[in-house]
Amino acid sequence: MNKFFKIGLVGLSLLFFSCDKNEKIDTIDTIDTLKIGEITEIESSRTVENSEYGLSLQVENINDSRCPTGGVCVWEGNASVELQLITQKGKYNFTLDTHSPPIFKNDTVIEGFRYELRNVLPYPGDGEEQLIKTVRILVSNNESIDDAYFGAIVIGKGLDCGNSFLIRFDNDVTGLPFPSKAYYEINLPEKYKINNERINVKFRVPNAEELIVCTTMGPAYPQIYIVEVR
């Protein structure tokens with residue numbers, strides 16, 4: 001009888017130990033990785049780190065005053081993100097915006113790395129139930145940045161050209177037969193087809209067989225072929 005009693009005590013001890021161990025694992029607050037050369041998504045008040053380069057980036061605050069989906073506004077508005085960067089050399093606090101330069105600032109270079117704000121999700125009016133905002137940011141080694149890329153923003157899906165999205169460049173685009181800031185895109189990867197997403201693109205004039213057939217339901221815009229996006 002005494003033998004079975006001891007076995008029971010051992011079993012209960014293992015059970016309690018197992019439960020306690022699992023509870024500790026569940027409460028660990030993991031820190032996500034800050035990617036270099038790829039888009040990193042950071043939730044509000046969260047921190048991401050890159051151990052290779054000794055970088056720690058935190059979203060401290062988000063002020064989103066963009067015109068909500070379906071709303072009628074004087075202008076499209078802006079989402080402003082306050083960030084804190086800690087490196088091996090010091091601490092930096094800076095703010096990036098979703099709206100276009102020169103009045104607003106989408107990127108900054110610190111210690112040889114460029115930090116580019118791509119988007120803040122969800123867009124007002126899209127996914128109201130999602131209370132936590134997510135920041136999409138691209139960190140690049142500044143030495144590898146190619147000047148052949150042009151900054152633009154994805155406006156949204158067009159009205160009359162199939163599944164093509166409209167993009168608007170930050171500056172006037174030269175060297176095309178129809179100079180404009182807004183174009184219907186051809187060959188934009190699906191992962192960038194997000195309203196208000198900032199992109200850097202290489203492009204060319206579309207060939208005749210690549211042109212999209214459009215109706216007359218919406219405003220007419222020229223078309224542009226996307227060669228590469230980053």
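The first residue of the sequence shown is numbered 1, and numbering continues consecutively from there.
When every heavy atom of L138 is checked against every heavy atom of G37, the shortest pair comes out as CD1-C, 3.6 Å. Residues V229 and P189 approach most closely at CG2-CD, 3.8 Å, considering heavy atoms. P68 and C73 make their closest contact through CD-SG, 4.1 Å (heavy atoms, listed as atom of the first residue, atom of the second, distance). Between S56 and T47 the shortest heavy-atom distance is OG-CG2, 3.3 Å. For the residue pair T108 and K105, the shortest heavy atom distance occurs at OG1-NZ, 3.6 Å. Minimum interatomic distance between A79 and L117 (heavy atoms only, all atoms of both residues): O-CD2, 4.3 Å.
In this structure E38 satisfies the side chain to side chain contact (heavy atoms under 4.5 Å, CB included) test together with K35, sequence neighbours excluded. For Y92, there are no ring-ring contact (aromatic ring centres under 6.0 Å, His included) partners at least two apart in sequence or on another chain. Listed by chain and number, the residues in a ring-ring contact (aromatic ring centres under 6.0 Å, His included) with F169 are Y183, F203 (sequence neighbours excluded).
Checked options I39, T40, I194; the residue passing with R118 is I39 (criterion: side chain to side chain contact (heavy atoms under 4.5 Å, CB included)).
Here N119 contributes atom CG and K133 contributes atom NZ; the two are 9.5 Å apart, rounded to the nearest 0.5 Å. Considering CD1 of I153 and OG1 of T98, their distance stands at 6.0 Å, rounded to 0.5 Å. Atom-to-atom distance recorded for N196:CG and N78:CG is 9.0 Å, nearest 0.5 angstrom. Atom CD1 of residue I42 and atom CG of residue D32 lie 9.0 Å apart, to the nearest 0.5 angstrom. Rounded to the nearest 0.5 angstrom, I137 CD1 and L34 CG are separated by 8.0 Å. For the atom pair CD1 (I132) and OG1 (T134), the distance works out to 7.5 Å, reported to the nearest 0.5 Å.
Proximity of E116 to R198: side-chain heavy atoms (C-beta onward) are nowhere separated by under 4.5 Å. Contact check for S44 versus E60: no side-chain heavy atoms found under the 4.5 Å cut-off. Annotation: side chain of I199 is not in contact with side chain of I226 (no heavy-atom distance under 4.5 Å). Counting heavy atoms from C-beta outward, I224 and I167 have side chains that approach closer than 4.5 Å. In this structure, E185 and K193 have side chains that are in contact, with non-hydrogen atoms separated by less than 4.5 Å. Considering only heavy atoms from C-beta on, S164 stays 4.5 Å or farther from Q223 through its side chain. A heavy-atom distance below 4.5 Å is found between the side chains of R66 and V120. No side-chain heavy atom of L83 sits less than 4.5 Å from a side-chain heavy atom of Y115.
Linking ILVMFWY residues whenever their side-chain heavy atoms come closer than 4.5 Å, directly or via other members, leaves V201 and Y225 in distinct clusters. Side-chain heavy atoms closer than 4.5 Å link hydrophobic residues (I, L, V, M, F, W, Y) into clusters, and following such links, possibly through other members, connects V48 to F94. Linking ILVMFWY side-chain heavy atoms closer than 4.5 Å, directly or via other members, places I86 and I110 in two distinct hydrophobic clusters. Note: the hydrophobic cluster containing I186 does not contain V154 (ILVMFWY, side chain heavy atoms under 4.5 Å, direct or indirect links).
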Item to check | Chi angles and distances behind the side chain to side chain contact (heavy atoms under 4.5 Å, CB included) call for L55, L57 | outcome: CA-CA 7 Å; L55 304 175; L57 185 65; over 6 Å; no
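A ring pair (Phe, Tyr, Trp, His ring centres under 6.0 Å) check over residues 41-74, counting only residues at least two apart or in different chains, returns the pairs Y53-F113. The salt bridge (charged side-chain N to carboxylate O under 4.0 Å, His left out) contacts involving residues 149-158 comprise nothing, where partners must be two or more places apart or lie in separate chains. For residues 69-82, the pairs satisfying salt bridge (charged side-chain N to carboxylate O under 4.0 Å, His left out) are E76-R168, with sequence neighbours left out.
Ring geometry for Y184 versus Y221: interplanar angle over 60°, hence perpendicular rather than tilted (30 to 60°).
The main-chain N or O of R230 is never found under 3.5 Å from a side-chain atom of Y192 such that the two would form a donor-acceptor pair.
When only modelled atom types and interatomic distance are considered, N187 and E210 share no side-chain donor-acceptor pair under 3.5 Å.
Under a cut-off of 6.0 angstrom, the local environment of CG in N163 is sparse, with at most 12 non-hydrogen atoms contributed by other residues, nucleotides or ligands.
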